[in-house]
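All remarks here apply to the structure that follows.
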Amino acid sequence: MSGLNAAQQEAVDTLSGPLLVLAGAGTGKTRVITFRIAKLIKHGVPRHKILGVTFTNKAANEMKERLTGLIGGSIGTKNKYKKKAEQSENEPTISTFHSLCVRILRRRIEKLGYPLKFAIYNRGDQESLARQILREIRVPDKALKPNQLLFHISNWKCKSLNAKQAMMQSESDAQHLAAVGFERYQKQLKLRGAVDFDDLLLLTEQLFREHPDVRQEEADRFDHLLVDEYQDTNTSQYRIVKALAGEHRNLCVVGDDDQSIYAWRGAEVEHILAFAKDWPDAKVVRLEENYRSTEAIIKYANTLIRFNSTRHDKVLVAARPGGELPIINQWEDETQEAEEVVRSISNRLNLHGREPRDFAILFRTNEQPRPFETALREAKLPYILVGGMSFFDRKEVKDVLAYLRLLDEPDEVSILRIINTPPRGIGKKSIENLLDRTVREKVPMWDMVCGYAERPKVTARVKQGLDQLAAAVNEVRSVAGNHSLVDQARMLIDKIDYKSEIDRIYSEPDDRESRWSVVEQVVNALADYEQSRKKPTMTNFLDRLLLGDQDANSDKEKQLKKNAIALMTMHAAKGLEFPEVYIVGLEEGILPHQRSLEDDEAGVPEERRLCYVGVTRAEERLTMSMSLTRKKWGKARETIPSRFLYELTDQADNPNYAKCSKR
DNA sequence: GACTCGAGTCCCGCC
DNA sequence: GACTCGAGTC
């Protein structure tokens, strides 16, 4: 193993016992983790006994790639004729916290009274549940809206509070109402055999707490645990880590307090500072030399982050002297901004021998990438849009996934979503009656749809509609054993005639085609998934899709992934690096985000750290831009340059700076 | 019950 | 600008 400096080497060589690596951006944190894994394997630790935890799937995939390069050919027995599915069973596990928890819960969650095939509710599912609850407890529309309820619930869950504790802490009327809703929300989830994203962590924690045998079993699976981006762990994640590593104590965590950007979901920097207290024999290694970026870029980053008053004073030292001065551009509007960025990339591609994969366009919010997508498509450049729930927000995706869930394990939200899609003559009143009975008598809704359980009084038309739906789903289910998952999905989509539904709703041929292609994307993803696994299951497919796992993504994206310009938020970019980075939309209200300004003293420093993360993604070339006007909700509005632009360039004395930072 | 139309709302970030 | 919801009509 070569190319490591003394501190990195020390971290890599510490093969056992607790280890804390405190490191700035670009100092080779991930490198330490991957090299350490490689070394563990070389020293005879079985691959499957190693668990690496990252925060995003993108980071997990990056790590897997690096790891394959490092250990793929030389260590262990890798047989290229073996199927990919079999091979992957003897690899180190690299996963996000959420995927890890899903795996654990799928094995033992029945101990907490949930079915093993529980559904995972995403944002849309949560919203419809929240809406229903507010209706049930008769909350007037203005007192508490569904997403306000969800906002409170998520906040409480991130702090590991239950409904009772939330109730005690509530001060305002709205909070009180939300706490009532919270209790009901949890009950409803359990009744439906569903969990939300926050539950994945909380229930795992609870499972470990209440069932020591399960904790033991899960802890025994691994002998070594490595956690990247440790500064972003919340209380639950912290406890899960402790529960898993308590015995073997081979725990390596890596983090940087300047890159803590997840306070809003309960991350606490204190964990990283308390590490040495919790693990008294922990070894601490510091990395301060930045290998990623040129001196010119590091200078900007250092200047910026110094504006945060409460932080560990450290200065990144650039190992790459000189470099091109970062560029700051100002454009007329967001369309021009996008066009100019794409023009610049296109020039660099032609003249400087760059590949598309060398570029990243980073933004603050998910509404920003649209003009960039348009411009990139026009320029015929390959790009990949990372993250953004937009794919799942599409009606067709929601519908198809709801149907797939019916094939697996019917849950209420899915049933309600498609009970009258395509229209089967089942109207609001009939649905209400069904719901009423489920809530009051706890009759599973699917049983009523199928007629296994007595249905509430229904008209002949409604009866026919329910029978139709039940027949379509059950016919496919009854032959499931003889057919692949893809065939099942195709059969069902065929039986319900979803294509005609699309043609019925949309008259434009273009619309029809693009809507239908979304359906095909889901089916293709299922086909890909099925081919790459030894034991594919629908549950697992839906999990992976929801959790954003790479191989659940569509085939098109897969091609692009090989060599494409990356479009992503700065949050998603954490832990990654690119030779050339464009940070766009540097305007007050976007970065820092409006919400952080309203909020309090904590808001802006976190936005500043986010900007710092963005800047330090760049290896050689950094371009920042803003536009003078930006459309919001259809109207163009004038913008104010981000305070961070002044800070980066050390212009705190500029009168304009005072203006924007004092707003 | 299905469909059309206009009013009102809209989300930061991630898994 | 895009999407959802509710009122009103067939």
Side-chain angles (χ1 to χ4, degrees), chain A residues 53-60 95-102 120-124 126-128 131 141-142 145-148 150-151 154 157-158 195-201 229 232-234 236-237 260-267 334 362-368 370-371 386-390 392-395 398 420-431 458-459 461-462 464-465 504-505 543-549 552 568-575 585 589-599 603 606-607 609-611 613-614 630-636:
Chain A
V53 182
T54 60
F55 268 78
T56 62
N57 283 295
K58 184 90 180 153
S95 133
T96 61
F97 265 110
H98 286 80
S99 305
L100 175 70
C101 289
V102 168
I120 302 172
Y121 277 8
N122 63 16
R123 182 74 196 185
Q126 288 175 275
E127 265 171 34
S128 65
R131 201 165 294 127
D141 241 25
K142 284 198 186 107
K145 288 177 200 157
N147 34 21
Q148 289 173 317
L150 291 176
F151 174 80
S154 179
K157 284 191 176 183
C158 281
V195 308
D196 66 19
F197 278 98
D198 299 321
D199 281 342
L200 293 175
L201 300 173
E229 312 287 6
D232 287 327
T233 47
N234 65 25
S236 295
Q237 290 161 332
S260 167
I261 53 176
Y262 284 104
W264 51 272
R265 66 171 194 198
E334 69 270 21
L362 306 183
F363 39 84
R364 176 66 177 85
T365 71
N366 278 317
E367 67 184 341
Q368 285 171 265
R370 275 188 201 192
V386 179
M389 283 272 100
S390 56
F392 294 97
D393 285 342
R394 309 187 70 157
K395 181 185 180 305
K398 287 184 187 169
N420 203 33
T421 307
R424 301 185 175 86
I426 304 167
K428 215 168 98 187
K429 189 74 196 146
S430 316
I431 292 172
V458 294
T459 62
R461 189 147 162 233
V462 172
Q464 197 193 349
R504 190 183 67 89
I505 301 179
D543 282 358
R544 297 175 79 92
L545 202 60
L546 235 52
L547 295 169
D549 237 295
M568 62 180 108
T569 64
M570 279 172 259
H571 280 94
K574 190 152 70 104
I590 293 186
L591 185 70
H593 194 272
Q594 196 59 40
R595 289 285 232 277
S596 72
L597 301 175
E598 293 158 5
D599 152 5
E606 178 147 324
E607 297 288 306
R609 288 193 292 270
L610 188 55
C611 187
V613 166
R630 183 171 296 270
K631 272 204 193 93
K632 179 147 197 199
W633 294 337
K635 276 193 203 109

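To find a chain, count down the sequence lines: A is the first, B the second, and so on, and within it residues start at 1.
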May I have the distance from [X] (atom [atom1]) to [N] (atom [atom2]), rounded to whole angstrom?
X	N	atom1	atom2	value
A:D196	B:dC15	CG	P	16 Å
A:K635	C:dA2	NZ	C1'	15 Å
A:E229	B:dC14	CD	P	14 Å
A:L610	B:dC14	CG	P	10 Å
A:Q594	B:dC10	CD	P	16 Å
A:L362	B:dG13	CG	P	14 Å
A:I261	B:dC15	CD1	P	11 Å
A:N122	B:dC15	CG	P	13 Å

Practice task
For A:N57 and A:L547, work out which heavy atoms get closest and say how close.
Solution key: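 Shortest heavy-atom contact: ND2-O, 2.6 Å.
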
Handout entry: Salt bridge present between A:E334 and A:R370 (N-O < 4.0 angstrom)
Key =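 Between A:R370 and A:E334 there is no salt bridge, as every charged N stays at least 4.0 Å from the carboxylate O atoms.
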
Among [options], which nucleotide has an atom closest to any side-chain atom of [X]?
X	options	value
A:R370	C:dA2, B:dC15, B:dA2	C:dA2
A:R504	B:dC15, B:dG13, B:dC3	B:dC3
A:R131	B:dA2, B:dG1, C:dC5	C:dC5
A:N366	B:dG1, B:dC3, B:dG13	B:dG13
A:F197	B:dG1, B:dC15, B:dC12	B:dC15
A:V462	B:dG13, B:dC15, B:dG1	B:dG1
A:L547	B:dG1, B:dC15, B:dC12	B:dC15

Closer than 3.5 angstrom, by distance alone: can the side chain of [X] be matched with the main-chain N or O of [Y] as a donor-acceptor pair?
X	Y	result
A:Q368	A:T365	yes
A:E607	A:H593	yes
A:H571	A:I261	yes
A:Q126	A:D196	no

Practice task
Verify the contact: side-chain N or O of A:S430 to OP1 or OP2 of B:dG1, cut-off strictly under 4.0 Å; return yes or no.
Solution key: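 Yes, within the criterion.
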
Problem - B:dC10 phosphate, OP1 or OP2, under 4.0 Å from A:K145 side-chain N/O - result: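 Result: yes.
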
Measure the distance between the ring centre of [X] and the centre of the six-membered base ring of [N], then answer whether it is under 5.5 Å with planes under 30°.
X	N	result
A:W633	B:dC10	yes
A:H593	B:dC12	yes
A:Y262	B:dG13	no

Exercise for the section: Would you indicate what A:N420 reaches in the nucleic acid, counting non-hydrogen atoms under 4.0 angstrom: base, sugar-phosphate, or nothing? Expected result: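 Answer is sugar-phosphate: A:N420 comes under 4.0 Å of backbone atoms only.
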
Exercise for the section: Tell whether A:R595 reaches the base of B:dC12 with its side chain through a donor-acceptor pair below 3.5 angstrom. Expected result: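 By the distance-only test, no, there is no pair.
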
Problem - Residue whose closest nucleotide on DNA chain B lies nearer the 5' end, A:S99 versus A:N147 - result: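 Upstream on the strand: A:N147.
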
